[in-house]
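Below is one structure, written out as structure tokens; the observations come after it.
Along the sequence shown, the residues carry numbers beginning at 1.
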Amino acid sequence: MATALAPFASTKETTNYARLCRLLVDVGSQVLRSTFDNIHPPATLQTVLGSTSVHHATLQSLYRGRNKVLNPTQWGKLYPTHSPVSSATFDITLLTVLLRNICGLSPPATGWDRLPPAANISIADDIVRVRFYRNTVYGHASQASVDDINFGSYWQEIREALVRLGGAHFREDIDNLEYDCMDPDIEEHYRELMKQWKKDDENIKAKLEEIEDNPGEVSFMATALAPFASTKETTNYARLCRLLVDVGSQVLRSTFDNIHPPATLQTVLGSTSVHHATLQSLYRGRNKVLNPTQWGKLYPTHSPVSSATFDITLLTVLLRNICGLSPPATGWDRLPPAANISIADDIVRVRFYRNTVYGHASQASVDDLNFGSYWQEIREALVRLGGAHFREDIDNLEYDCMDPDIEEHYRELMKQWKKDDENIKAKLEEIEDSLGKMRHHLKDTTEKIQIEMKEMKEKLGSLITTAEKRTDEGWLLERATHRETELRTSIPFTM
């Protein structure tokens with residue numbers, strides 16, 4: 001699949017479409033981030049989003065309210081546990097939500113979903129313009145092509161909106177991008193990113209509209225929303241979620257870095273590497289194990305690749321596919337015996353206990369007896385994988401303060417990890433099943449060829465024997481004829 005997979009044919013029109021996707025996704029996200037930073041400068045962002053801020057209550061209602069506009073990954077970017085908050089980590093969908101909800105922008109006169117008149121050029125108007133042209137360009141997605149006339153018109157409208165939003169310094173970048181090289185892989189990547197942005201945006205659009213239709217309800221939710229009651233058992237569950245998601249991702253990243261050190265990762269993933277072909281098949285193959293966001297982390301356009309950006313699901317896929325690990329004796333889906341402690345075995349253990357702990361999700365609680373047992377098993381696997389220095393962190397985490405908001409966040413992260421993992425598990429199993437069938441077919445074909453070659457060899461041997469026999473008979477006949485001639489010439493002729 002990796003070697004035979006061909007991108008669909010690139011033409012001037014498909015390149016036009018991909019170039020517009022790149023403009024909207026790539027420059028668009030930079031411009032929206034710049035717009036957000038002008039309203040909430042990076043130096044004060046921590047305070048702006050702090051727990052005593054009015055914006056914190058608004059964001060909580062978007063994350064924990066009935067509509068759940070924000071997902072756990074986005075919430076983790078707003079309230080990271082190991083680093084200061086930075087808008088550099090915000091994706092284009094999150095930036096759109098923030099600009100619309102915590103930046104004090106008045107809605108455009110024509111609303112958030114209609115193209116404003118050309119004379120209306122407020123920040124909100126131009127945000128709507130970018131989104132409108134995203135939808136217009138995406139209307140060409142089925143053919144993934146845009147003719148030159150439409151391309152020129154769209155490019156000009158989008159460029160002017162982006163320059164008004166982000167500033168004149170973006171004009172040169174946009175003009176350069178209009179003629180920048182676009183190889184088929186880059187075209188495919190931006191088409192996929194555009195598709196994902198459209199999907200994410202459509203998902204939140206309905207939720208935001210429902211919230212805006214019921215502002216009183218949102219205000220009540222923001223002030224009165226209470227996390228579900230915290231008990232010793234619910235804290236046990238949330239603590240296990242935190243251990244698996246937080247420390248688990250650090251340990252899997254450390255394991256990956258030991259196999260593919262950061263200093264050589266760019267080369268390991270490079271286009272001439274065997275791993276690049278494997279990853280392409282996971283991204284562009286029929287099953288699409290990797291999504292565009294994950295591909296963008298493996299092959300970023302504006303910075304060197306770094307495993308620090310890899311989420312736990314991506315790390316699991318990479319460890320299983322490009323790290324040379326032999327599958328555990330009991331397979332990737334069964335708990336290995338206690339004596340089996342290879343890297344692959346312990347990766348399976350972490351995943352097994354993730355599933356075991358998630359089995360308590362409906363009540364979101366774990367009693368002390370099970371908590372102690374699970375904690376010990378998970379800790380030993382993580383320490384073997386990541387090294388002894390993780391033991392102290394894990395022991396501290398066992399008794400660390402867990403307020404209700406943190407508990408809720410790790411429960412949500414656990415839920416998302418389980419959902420993502422189940423999604424790729426079926427796809428990976430289908431790929432491995434296909435490979436198994438291919439290997440079986442290859443074996444059958446090889447055996448058939450060997451049998452046919454044996455039969456051909458036997459036939460050839462028989463033909464050679466027959467030919468040799470016939471050659472011998474011909475030689476004897478020739479000698480007899482020759483001898484007869486000699487005898488006739490040697491005996492005098494008499495009457």
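Between Pro262 and Asp257 there is a side-chain heavy-atom pair separated by less than 4.5 Å. Within the 4.5 Å cutoff, no side-chain heavy atoms of Thr136 are placed close to those of Leu115. Two residues are said to be in side-chain contact when any heavy atoms from C-beta on lie closer than 4.5 Å; Phe170 and Leu162 fail this criterion. Looking at Leu298 and Leu290, their side chains come closer than 4.5 Å, going by heavy atoms from C-beta outward. Counting heavy atoms from C-beta outward, Leu98 and Leu59 have side chains that approach closer than 4.5 Å. Residues Tyr358 and Cys241 fail the side-chain proximity criterion, which asks for heavy atoms closer than 4.5 Å. Residues Ile378 and Val350 form no side-chain contact, since every pair of their non-hydrogen atoms from C-beta on lies 4.5 Å or further apart. The shortest distance between side-chain heavy atoms of Glu13 and Gln143 does not fall below 4.5 Å.
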Would Val357 and Leu243 count as a side chain to side chain contact (heavy atoms under 4.5 Å, CB included) here? Give the steps. CA-CA 11 Å; Val357 170; Leu243 172 64; over 6 Å; no
Kindly indicate, with the supporting measurements, whether the criterion salt bridge (Lys or Arg N to Asp or Glu O under 4.0 Å) is fulfilled by Asp180 and Arg19. CA-CA 9 Å; Asp180 195 27; Arg19 206 181 292 283; over 6 Å; no
Step-by-step side chain to side chain contact (heavy atoms under 4.5 Å, CB included) determination, Ile127 to Leu99: CA-CA 9 Å; Ile127 290 171; Leu99 285 163; 3.9 Å; yes
Trace of the side chain to side chain contact (heavy atoms under 4.5 Å, CB included) decision for Tyr133 with Glu157: CA-CA 8 Å; Tyr133 280 104; Glu157 290 290 341; 3.3 Å; yes
Could you please spell out the steps behind the side chain to side chain contact (heavy atoms under 4.5 Å, CB included) verdict for Leu20 and Val146? CA-CA 9 Å; Leu20 285 164; Val146 175; 4.1 Å; yes
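To the nearest 0.5 Å, the span separating CD1 on Ile92 from CZ on Arg131 amounts to 11.5 Å. For the atom pair Leu94 CG and Thr89 OG1, the distance stands at 7.5 Å (nearest 0.5 Å). One finds the CZ atom of Arg320 at 6.0 Å from the CH2 atom of Trp332 (value rounded to the nearest 0.5 Å). Between atom NE2 of residue His189 and atom CD of residue Glu192 there is a gap of 9.5 Å, rounded to the nearest 0.5 Å. Residue Thr47 holds its OG1 atom at 11.5 Å from NE2 of His55, rounded to the nearest 0.5 Å. Atom CZ of Arg22 sits about 10.5 Å away from atom CD of Glu187, to the nearest 0.5 Å.
Closest approach of Val348 to Pro328, counting heavy atoms only: CG2-CG, 3.7 Å. Residues Ile121 and Asp126 share a closest heavy-atom pair of O-OD2, 3.8 Å. Closest of all the heavy-atom pairs between Ala168 and Val163 is CA-CG1, 4.0 Å. Of all heavy-atom pairs between Cys103 and Phe36, the closest is SG-CD1, 3.6 Å. For the residue pair Phe310 and Arg253, the shortest heavy atom distance occurs at O-NH2, 2.5 Å. Minimum heavy-atom separation, Leu49 to His56: O-ND1, 3.5 Å.
Between Tyr283 and Trp295, the ring planes lie parallel to each other; the angle is under 30°, not in the 30° to 60° tilted range. Using a 30° and 60° split on the angle between ring planes, Trp155 and Phe151 fall in the tilted class, from 30° to 60°.
Looking only at atom types and distance, the side chain of Asn16 has a donor-acceptor partner in the side chain of Asp148 under 3.5 Å away. When only modelled atom types and interatomic distance are considered, Thr58 and Asn101 share no side-chain donor-acceptor pair under 3.5 Å.
The pair Arg164-Glu160 does not count as a salt bridge, with every side-chain nitrogen at least 4.0 angstrom from each carboxylate oxygen.
Side-chain atoms of Ser254 do not come within 3.5 Å of backbone N or O of Gln250 as any donor-acceptor pair.
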